[in-house]
Amino acid sequence: VPGGEDELRRTYAHSAIGKLGLVSAPDRPPRLVVDSSVSHVTANTSLPNRSAYPGLKDVRSCAPTAMSQDQVSALVLDVSKAHRRILIRPEDRGLLCFRHRDRLYQCLTLNFGARASGLFWSRLAGLLLRLGHRLLFVQHALLIYVDDLLSLLPLGTAPVWASVLVVLLLVLRVPMSWHKAAFGQQVVWIGWQMDLRTWSVGLEPAKAARLLLLLRALQDRARCSLKDLEKITGKLLWLSSVYRSLRPALCPLYADQQRPVPVLAALNREAYSRLRSVVSDSGIVQQPCAIPSCPPGSRILRINQTWIQPSAPLPLESVISDRTWVQVADPGHPDRLLSEASKHALQMWLQVALLPSPICTLFKPPSLPCEAFADACADADGVGLGGFVRLPFGGTRFFQVRLTTEELQPLFPWLPPDTSPQVFIATWELLAQCALLWALHSMLPVGHMPLHVTLRCDNAAAGVVRLH
């Protein structure tokens with residue numbers, strides 16, 4: 001921007017200046033990003049930035065039900081600097097600016113770090129995917145994870161259709177990272193090594209090594225940064241695509257992301273009075289009160305030796321001295337406390353990562369057809385569960401359980417004693433589905449081969465539960 005900030009304000013009705021940064025990662029070239037959170041552009045952007053991306057379960061859905069003579073081949077392509085391929089409207093170009101060496105610059109394309117980048121690139125990627133489906137009129141599969149494209153094609157004609165797909169992208173002038181392109185029956189896609197000759201998958205060694213380093217760095221730590229906690233949680237979520245039975249072990253890590261490090265602040269009578277005037281009934285600071293340790297959105301945990309309940313007001317200034325100690329939890333704090341459950345979960349995942357890289361099959365277990373249904377009801381007095389399973393070759397098993405509020409409390413310590421169980425109806429619906437699986441398990445012989453069973457629930461909150 002030749003005229004600096006003055007020209008920026010004259011040209012655009014809304015303008016903001018972010019912070020230029022450099023992101024470096026192992027085995028990747030450095031990447032320039034613009035942090036728009038410091039200019040409050042991110043907080044004031046209402047566009048959704050989350051998309052549903054494919055994973056191993058989607059590749060598994062493309063696999064045959066058993067070994068087949070019809071082999072397939074894969075084409076892997078990567079779009080170069082995907083987010084930077086989206087032009088910004090001229091009237092919005094004043095919102096993504098940054099300084100470098102005392103000079104002001106503005107972005108003409110979306111950058112890495114902008115909240116809107118994911119949405120608009122996902123829409124363009126969806127368009128490319130639909131065009132590919134229209135062009136490839138033979139049996140095929142097309143999946144794209146952000147900018148990583150995977151195409152599964154019949155082995156005999158795969159070179160022809162892969163060439164047709166590449167020509168389409170060239171005609172559309174989609175810039176590709178050709179050094180990342182791969183074609184064959186053994187390819188690497190989003191960190192997974194796939195062998196389509198046997199429909200097996202394993203972890204990429206380089207990515208597994210980075211995960212192991214991160215787990216060792218967080219081992220036995222009482223606190224860590226929110227950035228590291230989110231990073232390790234995301235990587236473990238990716239790893240749980242193979243270890244699906246261990247996915248519930250991620251719950252403590254997600255819970256700790258909402259547990260900021262508490263801070264103690266000493267307030268005089270005047271400052272404490274200002275704090276009481278801006279705190280809601282639930283203990284949340286709603287407005288600025290000129291106290292740096294108590295920003296808006298933070299929660300009051302303790303006043304001196306008194307723990308604050310969510311529905312109780314703050315105590316009056318009935319203190320002997322002029323100093324009041326206030327313990328505050330600020331969601332904006334960069335660090336998070338790790339609970340004992342999270343420490344045990346990280347230790348377990350570390351032991352898993354130390355094991356040799358597993359080779360897993362992409363074949364689904366054979367489906368077991370059966371008639372099964374479960375339901376749940378709840379009121380202020382308790383919870384009722386019921387269901388049945390009927391196998392096609394004979395045999396029926398049903399269950400019926402009634403639990404009062406007093407019986408629920410020792411089984412579910414998290415259940416508030418003054419709240420009706422009806423509020424948690426989705427929990428009881430899911431519990432009924434687990435009981436349905438237990439009933440099915442009791443009907444099958446010990447040591448049976450893995451089976452795939454689909455159990456459906458009529459509760460919208462619980463959704464469709466698929467248990468293997």
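FYI, side chains are in, hydrogens and waters are out, and symmetry mates aren't considered; it's all heavy atoms of this structure.
- Closest heavy-atom contact between Gly132 and Leu142: C-CD1, 3.6 Å.
- Asp418 contributes atom CG, which lies 11.5 Å from atom OG1 of Thr405 (distance to the nearest 0.5 angstrom).
- Smallest separation of non-hydrogen atoms from Leu408 and Leu415: CB-CD2, 3.9 Å.
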Derivation and outcome, side-chain hydrogen bond (donor to acceptor under 3.5 Å, both in side chains), residues Gln193 and Gln186: CA-CA 7 Å; Gln193 287 185 331; Gln186 293 178 297; over 6 Å; no
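- Annotation: Gln286, atom CD; neighbour count of heavy atoms from other residues, nucleotides and ligands within 6.0 Å is above 12.
- Heavy-atom minimum distance, Asp148 versus Trp189: O-NE1, 3.3 Å.
- By the 6.0 Å contact criterion, OH on Tyr243 is enclosed, its count of non-hydrogen atoms from other residues, nucleotides or ligands being greater than 12.
- Between Trp192 and Tyr145, a ring centre-to-centre spacing not shorter than 6.0 Å is recorded.
- Residues satisfying the side-chain hydrogen bond (donor to acceptor under 3.5 Å, both in side chains) criterion with Asp335, sequence neighbours excluded, are Arg223.
- A donor atom on one side chain and an acceptor atom on the other are found under 3.5 Å apart for Ser122 and Ser51.
- Cys289 and Leu275 make their closest contact through SG-CD1, 4.2 Å (heavy atoms, listed as atom of the first residue, atom of the second, distance).
- Nearest approach of Ala162 to Leu153, heavy atoms of both residues: N-CD1, 3.7 Å.
- To the nearest 0.5 Å, atoms SG (Cys251) and CG (Asp256) are separated by 11.5 Å.
- No more than 12 heavy atoms of other residues, nucleotides or ligands shown are found within 6.0 angstrom of CD on Gln400.
- If you look at Tyr272 and Trp325, their ring centroids are not closer than 6.0 Å.
- For Asp228 and Lys235, the salt-bridge test fails: no basic side-chain N is under 4.0 Å from an acidic carboxylate O.
- A donor and an acceptor atom, one from each side chain of Arg397 and Ser442, are located under 3.5 Å apart.
- Taking all atoms of both residues into account, the shortest heavy-atom contact from Thr42 to Ser37 is OG1-N, 3.5 Å.
- Note: Trp161 and Phe137 have perpendicular aromatic rings, judged against thresholds of 30 and 60 degrees for the angle between ring planes.
- Judged by the 6.0 Å and 45° rule, Arg31 forms a cation-pi pair with Phe112.
- More than 12 heavy atoms of other residues, nucleotides or ligands sit less than 6.0 Å from atom NE2 of His133.
- The aromatic rings of Trp428 and Phe412 sit perpendicular, their planes meeting at an angle over 60°, well past the 30° parallel limit.
- Distance CG/Leu436 to CG/Asp375: 11.0 Å, rounded to 0.5 Å.
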Apply side chain to side chain contact (heavy atoms under 4.5 Å, CB included) to the pair Leu346 and Leu253, showing each step before the final yes or no. CA-CA 9 Å; Leu346 290 174; Leu253 301 178; 4.1 Å; yes
